[in-house]
**Q** 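Just dropping this structure here.
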Amino acid sequence: MAYFNELMEASLDALDSEIKSLINKELDRQRTHIELIASENFVPRAIMESMGSTLTNKYAEGYPHKKYYGGCEFVETIEEIAIERAKKLFGADHANVQPHSGTTANQAAYFTVMKPGDTLLAMKLDQGGHLSHGHPLNFTSMIYKIASYGVDRETETIDYGEVESLAREHRPKVIVAGASAYPRRIDFARFRAIADEVGAFLMTDMAHIAGLVAGGAHESPVPHSHFVTSTTQKSLRGPRGAFVLCRAEFAKDLDRTVFPGIQGGPLLPAIAGKATCFKLAAEPAFREYAASVVKNASALARGLSELGFRLVSGGTDNHMMLLDLRSRNITGKVAEKVLEEAGITSNKNAIPFDPEKPMVTSGLRLGSAAVTTRGMKEREMGIIAKAIDEVLSSPEDKGVIARVRGRMADLGAAFPLYESM
Ligand SMILES: *Cc1c(COP(=O)(O)O)cnc(C)c1O
């Protein structure tokens with residue numbers, strides 16, 4: 001009895017101080033570093049409250065009112081609310097909020113309409129596509145034939161002519177629009193016209209730009225796509241998780257594909273977090289956030305251009321940009337490492353037609369969503385651009401790195417994060 005109470009009521013610090021202290025260190029890292037990873041963000045505390053709640057104790061296989069377990073009355077209401085809010089936010093006929101991750105959401109959409117041996121046409125991974133769009137080691141390559149389109153060598157924007165000719169040649173069952181490293185607007189109507197011409201389904205993977213779409217800062221793929229998949233943790237600023245939107249005609253098949261097709265019980269803490277994320281994303285303040293994300297990305301891109309950096313495609317229309325570091329004689333791998341030492345977190349990323357290997361790269365991907373959530377504006381983007389330039393101009397100068405690190409910690413301190421934790 002005593003042991004039971006001690007076990008159930010003890011804090012993490014009391015039961016496992018090793019893990020607690022690492023979580024504290026991670027919180028400190030998030031506070032003191034400038035977060036420029038384009039796929040990251042900071043979720044409101046309210047969403048973390050759901051993520052760390054008793055919902056983790058519940059099994060709820062199936063869908064609202066068709067659950068395979070008892071005691072689901074509250075959790076199925078949470079799921080229904082999440083579904084309704086997702087449909088309303090994005091103007092979709094149907095939403096499935098159960099996928100555990102973006103990769104799983106894509107798997108669900110593919111499995112709903114594709115058979116093994118069918119062809120998938122998606123963006124080349126080394127030009128912006130995601131692993132789940134056909135990486136050789138990903139399930140997509142084991143099950144489907146993969147055809148991939150890229151960007152134009154001159155403009156470094158999607159070559160729609162190539163998409164069209166590849167579609168005619170390969171007759172894909174599904175065409176994927178959407179990317180992990182593409183700084184420009186995507187023309188969904190153009191993609192749909194190509195899909196219609198060859199009788200393919202259009203799936204838009206809006207994982208990166210979902211927050212911009214919800215906040216009216218990027219055109220919505222929903223009216224143009226048969227399926228739209230997304231994560232919730234990137235620009236949408238929700239919990240780690242995903243969802244799929246589709247036309248009414250695919251609703252039943254999609255739901256069956258998610259469960260029991262590829263998942264068992266849903267992660268209810270994440271579904272509750274998604275519900276709150278969709279509620280917040282429908283508010284006027286979120287529109288301001290989305291507009292500010294785009295403005296900040298433009299300001300950072302402008303600042304870096306003025307300091308002599310070359311940006312892939314010449315700039316950005318969304319929340320992210322790709323720096324071509326070749327003229328600076330530094331690789332993406334080294335740049336990521338020295339910036340990290342200087343308190344700026346980013347990731348190395350291949351640029352189109354990159355001569356370096358994927359683990360080295362000539363590029364760096366930067367995004368503005370997380371710093372925007374912290375409240376930073378164009379002025380701070382100028383400060384960050386200068387700091388990046390200083391570090392990458394003298395990557396071996398420990399004095400410069402230490403000075404920038406101090407400045408970045410001061411900048412972080414001026415935009416407090418999770419003060420009550
Ligand atoms: C991040 C991302 C995903 C995958 O998300 P996970 O949750 O990491 O599986 C899928 N598609 C695109 C385009 C992404 O950028």
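Worth saying up front: this structure is predicted, and the values here are computed from it rather than measured. Counting convention: from 1, in listed order, for ligands and their atoms alike.
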**Q** Which part of T231 is near ligand 1, with near meaning a heavy atom under 4.0 Å away: side chain, backbone, both or neither?
**A**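 For T231, the contact with ligand 1 is made by the side chain alone.
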**Q** Could you check whether H94 and D255, counting side-chain N and O atoms only, form a donor-acceptor pair closer than 3.5 Å?
**A**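 Looking only at side-chain atoms, H94 and D255 do form a donor-acceptor pair, the distance falling under 3.5 Å.
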**Q** With no hydrogens and no angle check, just 3.5 Å: does a side-chain donor-acceptor pair link T257 and T112?
**A**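 Yes.
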**Q** Specify whether H130 and H133 have parallel, tilted or perpendicular ring planes, treating 30° as the upper limit for parallel and 60° as the lower limit for perpendicular.
**A**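 Ring orientation of H130 relative to H133: perpendicular.
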**Q** Would you mind running through ligand 1 and noting each atom that sits below 4.0 Å from a heavy atom of Q233?
**A**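 Those qualifying, in numeric order: 7 (O).
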**Q** Looking only at protein heavy atoms, identify the closest one to atom 9 (O) of ligand 1 and say how far it is in Å.
**A**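 Closest protein heavy atom to atom 9 (O) of ligand 1: T103 OG1, 2.8 Å.
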**Q** Would you say atom 7 (O) of ligand 1 has a protein heavy atom nearer than 4.0 Å?
**A**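 At least one protein heavy atom is under 4.0 Å away.
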**Q** Out of H100, Q107, H130, who gets a non-hydrogen atom closest to atom 3 (C) of ligand 1?
**A**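 The option holding the nearest heavy atom is H130.
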**Q** At a 4.0 Å threshold, what atoms of ligand 1 neighbour a non-hydrogen atom of H208?
**A**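 Atoms satisfying the 4.0 Å criterion: 15 (O).
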**Q** Counting only nitrogen or oxygen atoms and a 3.5 angstrom limit, does A207 reach ligand 1?
**A**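 Among all N and O atoms of A207, none is under 3.5 Å from an N or O of ligand 1.
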**Q** Do F243 and F90 make the cut of ring centroids closer than 6.0 angstrom?
**A**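 Centroid distance F243-F90: below 6.0 Å, so yes.
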**Q** When only distance counts, is H133 in polar contact with ligand 1, meaning an N/O pair under 3.5 Å?
**A**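 No - when backbone and side-chain N and O of H133 are compared with those of ligand 1, no distance drops under 3.5 Å.
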**Q** Just distances here: any N/O of S180 and N/O of ligand 1 closer than 3.5 Å?
**A**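 Yes, there is a polar N/O contact under 3.5 Å.
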**Q** As an exercise, identify every atom of ligand 1 less than 4.0 angstrom from a heavy atom of K234.
**A**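 Matching atoms, with element in brackets: 1 (C), 2 (C), 3 (C), 14 (C), 15 (O).
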**Q** Whether the Y110 and D118 side chains hold a donor-acceptor pair (N or O, under 3.5 Å, no angle test) is what I'd like checked.
**A**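 There is no such pair between these side chains.
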**Q** Could you list the atoms of ligand 1 found under 4.0 angstrom from a heavy atom of A179?
**A**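 Going through ligand 1 atom by atom, the ones under 4.0 Å from A179 are 13 (C).
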**Q** Quick check on side-chain hydrogen bond (donor to acceptor under 3.5 Å, both in side chains): which of D354, N349, T331 does S362 satisfy it with?
**A**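 So the option named by the test is D354.
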**Q** Taking only heavy atoms of S101, which atoms of ligand 1 are found under 4.0 Å from at least one of them?
**A**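 Once the distances to S101 are compared, the set is 7 (O), 9 (O).
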**Q** Looking at the rings of F191 and F188, which for Trp means the six-membered one, are their centres under 6.0 Å apart?
**A**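 Centroid separation for F191 and F188: 6.0 Å or greater.
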**Q** Could you measure the distance from the CE atom of M421 to the CD atom of Q30? Nearest 0.5 Å is fine.
**A**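 Going from the CE atom of M421 to the CD atom of Q30 covers 9.0 Å.
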**Q** Of the protein's non-hydrogen atoms, which lies at the shortest distance from atom 12 (C) of ligand 1, and what is that distance?
**A**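 Its nearest protein heavy-atom neighbour is D205 OD2, 3.3 Å.
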**Q** Would you please say whether a donor-acceptor pair under 3.5 Å links the side chains of T140 and N138?
**A**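 There is such a pair between these side chains.
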